[in-house]
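I have placed the structure first, in the form of structure tokens, so that the comments after it can refer back to it.
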Amino acid sequence: MSLLAMSSAIAQTTIISATGDGGFENGATFASNGWTLVNDTATTTAKWYVGSVPVSAAGTNAAYIDTAGGTTWGYKTSTPSTVHFYRDVTVAANHPKIELNFSWKGKGESGYDRLLVYTAPTTVTP
């Protein structure tokens, strides 16, 4: 019984919420949702956008890639591009386990396209 009582006493802390802070419901830009955007400005290849163009898994908006100014979601397989967005978060020292959940819809090319999710100190700028 004491083990059950102890396990139920452990609380979860949400750092990034799909429908709140960190999701894409606070506005039409990455900045308004707490993210830093790094798009390739040297070319007109794929860029990240925030909006309701793709079907969202939670809420109304989502982050998506487009080559047509954000009017659709998709990209050209003939033009290479590296674009990303990131967010600095603070994880409390007393949190022994971190769980990350997200929904991703992708239609890429095997061996070429990829989605990377990683951690780094806040001193690193992607």
Side-chain angles (χ1 to χ4, degrees):
M1 288 297 267
S2 63
L3 287 176
L4 292 175
M6 286 175 45
S7 66
S8 65
I10 298 172
Q12 293 181 354
T13 302
T14 300
I15 298 174
I16 300 174
S17 169
T19 57
D21 190 29
F24 299 103
E25 301 301 311
N26 292 340
T29 67
F30 281 88
S32 64
N33 290 288
W35 296 93
T36 300
L37 177 65
V38 184
N39 270 332
D40 179 3
T41 58
T43 65
T44 58
T45 59
K47 296 183 183 344
W48 282 106
Y49 295 92
V50 172
S52 60
V53 172
V55 176
S56 178
T60 303
N61 293 326
Y64 61 97
I65 292 279
D66 186 31
T67 58
T71 58
T72 184
W73 61 276
Y75 62 97
K76 296 176 183 173
T77 59
S78 61
T79 308
S81 179
T82 300
V83 292
H84 54 273
F85 59 93
Y86 67 94
R87 180 185 178 114
D88 289 337
V89 297
T90 301
V91 178
N94 63 347
H95 283 58
K97 179 181 174 185
I98 298 172
E99 183 176 304
L100 174 66
N101 296 301
F102 63 92
S103 295
W104 178 59
K105 181 182 357 180
K107 187 173 118 179
E109 303 165 278
S110 178
Y112 295 97
D113 301 327
R114 63 182 181 213
L115 171 70
L116 300 175
V117 177
Y118 56 92
T119 61
T122 57
T123 55
V124 173
T125 302

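By convention here, the first residue in the shown sequence is residue 1.
Between the OH atom of Tyr64 and the NZ atom of Lys47 there is a distance of 13.5 Å, given to the nearest 0.5 Å. Atom CG of Asp88 is separated from atom OG1 of Thr36 by 7.0 Å, given to the nearest 0.5 angstrom. If you take CD1 on Ile98 and OG1 on Thr13, they are separated by 10.5 Å, rounding to the nearest 0.5 Å. Atoms CZ and CD1, on Arg87 and Ile15 in that order, are 9.5 Å from each other to the nearest 0.5 Å. Between atom OG1 of residue Thr82 and atom CG of residue Asn39 there is a gap of 11.0 Å, rounded to the nearest 0.5 Å. How far CZ of Phe30 is from CH2 of Trp48: 6.5 Å, rounded to the nearest 0.5 Å.
When all heavy atoms of Ala46 and Ile65 are compared, the closest pair comes out as CB-CG2, 3.4 Å.
If you chain together hydrophobic residues whose side chains sit under 4.5 Å apart, Val83 and Val50 fall into the same group. When the side chains of ILVMFWY residues are joined at heavy-atom separations under 4.5 Å, either directly or via intervening members, Val91 and Ile16 end up in a single hydrophobic cluster. There is a path of hydrophobic side-chain contacts, each under 4.5 Å, that joins Val89 to Leu37. Cluster membership check: Tyr49 shares its hydrophobic cluster with Trp73, using side-chain heavy-atom separations under 4.5 Å among Ile, Leu, Val, Met, Phe, Trp and Tyr.
At distances below 3.5 Å, not a single donor-acceptor pair connects side-chain atoms of Tyr86 with backbone N or O atoms of Thr125. One N or O on the side chain of Asn33 and one on the backbone of Glu25 form a donor-acceptor pair closer than 3.5 Å. At least one donor-acceptor pair closer than 3.5 Å links the side chain of Thr29 to the backbone N or O of Ser32.
Between Trp35 and Phe24, the angle of the ring planes stays under 30°, which puts this pair in the parallel group of the 30/60° scheme.
Within the 4.5 Å cutoff, the side chain of Leu115 has heavy atoms near those of the Phe102 side chain. Looking at Val117 and Leu100, their side chains come closer than 4.5 Å, going by heavy atoms from C-beta outward.
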